S.K.: 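One structure is given below, represented as structure tokens, and several questions about it will come after.
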There are 2 protein chains.
Amino acid sequence: MPATDLPRRGIPDATVARLPAYLRVLGIMAEAGVRSTSSLELAQAVGVHPAKVRKDLSHLGSHGVRGVGYDVAHLTVEISRELGLTRDWPVVIVGLGNLGRALAGHAGLSSRGFSVAGLFDADPAVIGQSVSGLTISPMSAIADLPRAADTVGVIATPAAAAQVVADQLVAAGITSILNCAPAAIVVPAPVDVRRVDIASELQILAFHKQRRTAAPALAVAP
Amino acid sequence: MPATDLPRRGIPDATVARLPAYLRVLGIMAEAGVRSTSSLELAQAVGVHPAKVRKDLSHLGSHGVRGVGYDVAHLTVEISRELGLTRDWPVVIVGLGNLGRALAGHAGLSSRGFSVAGLFDADPAVIGQSVSGLTISPMSAIADLPRAADTVGVIATPAAAAQVVADQLVAAGITSILNCAPAAIVVPAPVDVRRVDIASELQILAFHKQRRTAAPALAVAP
DNA sequence: TAGATTGTTAATCGATTAACAATC
DNA sequence: TAGATTGTTAATCGATTAACAATC
């Protein structure tokens, strides 16, 4: 047995992707005054298999109690720690159109480990405006961003501007980017990018829908 | 060999999830006047392994040409057909805050197989307003939606309203829902739901960031 | 023809699920 | 103790990748 609790390594990507969902459900439970839960309850709330929940949580070294379940508060802390949310991460939003404003006003961000630390736009018409208590800065000011290495950059510009903005974020020292523009961006290797693409999600829904309506017609008996 | 081209079945979910990305890249290529491409080029543009591209495309029965590559126009048609995008799907948006307005004005939707067919909100202050050429209807009007079975419902409300809206969409006959509200919703089995959750994506980025910065400190030599 | 690139097979890898001993 | 539920192992399933014959 190791002398100290060694840092757990190699949490599967699929597990990491589910941890935020568990965290959200636990938050709702805590608000409702629920103290304790089970893998079955969590599974139903998130829409996965109970064994998957137990497997996921076992990667955290989080210890539930056999015969009893999981302590809501304790599990919340465990998952938060694993995700790195015991501190707040600064977020900057680039592009203050409707989408950017929606994100800036997103009540959930501050309660879920993030704080909006800067708003940037290239349009002189919006620079200087105040949104959710912050003033919109010119895009050029991104170069002076403090704590850039800790900051997550969110791209909420039109598609045409996404690559230019990504380059500017990288030049400013940002290494984590959430791309909400409907465009692909290319960044150097050490930069971590995730995408949110409404149109892609709709297209996947369309595929399922078409499959469901097309299938019966094809099932003609031999 | 089958007498007719049998309908392909069982395209893997992982493949379906990547088809929209191929489609987007092909669109950009077509605009740039590129006629032909290869699995390697597509792979680099999308950020995946070339063998994965070939495997994905082989599920479509789409035929590239050995030694030559894929015809951009032909492949575009094949993927569009597979995703069910040879027709336009109506989309209704519920909740016309900043997020809903961003979606309603999303230039990419109409060019990617969708048309915004209705806007709904519960707030009397916004009902009757015009957004992107459409008038915002009261939420109660959702019950009279024509072609509900073909329609995709997009929830862009605050978290607190998400479940109520989902129930109303389902009652109106909608079977495909994109949930952009920061809340989980529960729907009856035949309804297909996908989520877009900014906070979850940020949390996954935070995990990677924390892992990257924490790791060196832990790698103390024995 | 020689060079290029697909489509497909087989090998590998990772994720899910079933099942149950451990144990509260 | 009896009942409940975890943590973990082993089995299954699906997805990725390497490799190469097919063939343009």
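Keep in mind that what you see is a predicted model, and the values were worked out from it rather than measured. Lettering of chains follows the sequences in order, A, B, ..., and the numbering in each one begins at 1.
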S.K.: Could you note down all residue pairs passing salt bridge (charged side-chain N to carboxylate O under 4.0 Å, His left out) where residues 156-169 of chain B supplies at least one of them, sequence neighbours left out?
M.R.: none

S.K.: Only Watson-Crick and G-U wobble pairs with both distances less than 3.5 Å should count. Give DNA chain D in dot-bracket notation, marking inter-strand partners with |.
M.R.: ..||||||||||||||||||||||

S.K.: Should Glu82(A) and Glu78(A) be marked as a side-chain contact (heavy atoms from CB on, under 4.5 Å) after you check the CA-CA gap, both sets of side-chain angles, and the distance that decides it?
M.R.: CA-CA 6 Å; Glu82(A) 193 59 45; Glu78(A) 293 257 10; over 6 Å; no

S.K.: Taking all heavy atoms of Ser176(B) and all of Val191(B), pick out the closest pair and write down the distance.
M.R.: N-CG1, 4.5 Å

S.K.: Can you list everything that forms a side-chain contact (heavy atoms from CB on, under 4.5 Å) with Asp150(A)? Sequence neighbours excluded, please.
M.R.: Arg87(A), Trp89(A), Pro90(A), Arg147(A)

S.K.: In whole angstrom, what separates Glu41(B)'s CD from dA4(C)'s P?
M.R.: 15 Å

S.K.: Sequence neighbours excluded and cut-off under 3.5 Å, please list the side-chain donor-acceptor pairs for residues 10-19 of chain A, or say none.
M.R.:
unit_1   : atom_1 : unit_2   : atom_2 : d
Thr15(A) : OG1    : Asp56(A) : OD1    : 2.6
Arg18(A) : NE     : Asp56(A) : OD2    : 2.6
Arg18(A) : NH2    : Asp56(A) : OD1    : 3.0
Arg18(A) : NH2    : Asp56(A) : OD2    : 3.3

S.K.: Heavy atom of residues 32-40 of chain B under 4.0 Å from DNA chain C: which residues?
M.R.: Ser38(B), Ser39(B)

S.K.: Using only side-chain N and O atoms of Tyr70(A), determine if any of them is under 4.0 Å from OP1 or OP2 of dG7(D).
M.R.: yes

S.K.: Side chains of Ile198(B) and Val154(A), heavy atoms from C-beta outward: is any pair under 4.5 Å?
M.R.: no

S.K.: Using the test side-chain contact (heavy atoms from CB on, under 4.5 Å), find all partners of Ala159(B) that sit at least two apart in sequence or belong to another chain.
M.R.: Pro182(B), Ala183(B)

S.K.: Is His74(A) reaching over with its side chain to a backbone N or O of Val72(A), donor-acceptor style, under 3.5 angstrom?
M.R.: no

S.K.: Identify every side-chain donor-acceptor pair in residues 100-109 of chain B under 3.5 Å, counting partners at least two apart or on other chains, and give the distances.
M.R.:
unit_1    : atom_1 : unit_2    : atom_2 : d
Arg101(B) : NE     : Leu96(B)  : O      : 2.7
Arg101(B) : NH1    : Gln129(B) : OE1    : 3.4
Arg101(B) : NH2    : Leu96(B)  : O      : 3.4
Arg101(B) : NH2    : Gln129(B) : OE1    : 2.8
His106(B) : ND1    : Gly108(B) : N      : 3.0
His106(B) : ND1    : Leu109(B) : N      : 3.3

S.K.: Which residues pass the side-chain contact (heavy atoms from CB on, under 4.5 Å) test with Thr175(B), not counting sequence neighbours?
M.R.: Lys209(A), Arg212(A)

S.K.: Only pairs at least two apart or in different chains count here, so list each salt bridge (charged side-chain N to carboxylate O under 4.0 Å, His left out) that has a residue in residues 177-204 of chain A.
M.R.: Arg194(A)-Glu201(B), Arg195(A)-Asp197(A), Asp197(A)-Arg24(B), Asp197(A)-Arg112(B), Glu201(A)-Arg194(B)

S.K.: Just how far, in rounded Å, is P of dT5(C) from CD of Gln44(B)?
M.R.: 12 Å

S.K.: What pairs with Pro50(A) under side-chain contact (heavy atoms from CB on, under 4.5 Å), at least two apart in sequence or on another chain?
M.R.: Ser39(A), Leu40(A), Ala43(A), Arg54(A)

S.K.: Nearest whole Å is fine: how far is dT6(C) C1' from Leu60(B) CG?
M.R.: 15 Å

S.K.: Distances under 3.5 Å only, N/O to N/O: pair up the protein atoms with those of nucleotides 12-18 of chain C.
M.R.:
unit_1  : atom_1 : unit_2   : atom_2 : d
dT16(C) : OP1    : Arg18(A) : NH1    : 3.0
dT16(C) : OP2    : Arg18(A) : NH2    : 2.9
dA18(C) : OP2    : His49(A) : NE2    : 2.7

S.K.: Set out, line by line, the N/O atom pairs under 3.5 Å between protein and nucleotides 21-24 of chain C.
M.R.:
unit_1  : atom_1 : unit_2   : atom_2 : d
dA22(C) : N3     : Arg66(A) : NH1    : 3.1
dC24(C) : O4'    : Arg66(A) : O      : 3.3
dC24(C) : O2     : Arg66(A) : O      : 3.4

S.K.: With side-chain contact (heavy atoms from CB on, under 4.5 Å) as the test, would you mind laying out the steps for Leu42(B) and Leu57(B) before giving the verdict?
M.R.: CA-CA 11 Å; Leu42(B) 280 169; Leu57(B) 298 183; 4.2 Å; yes

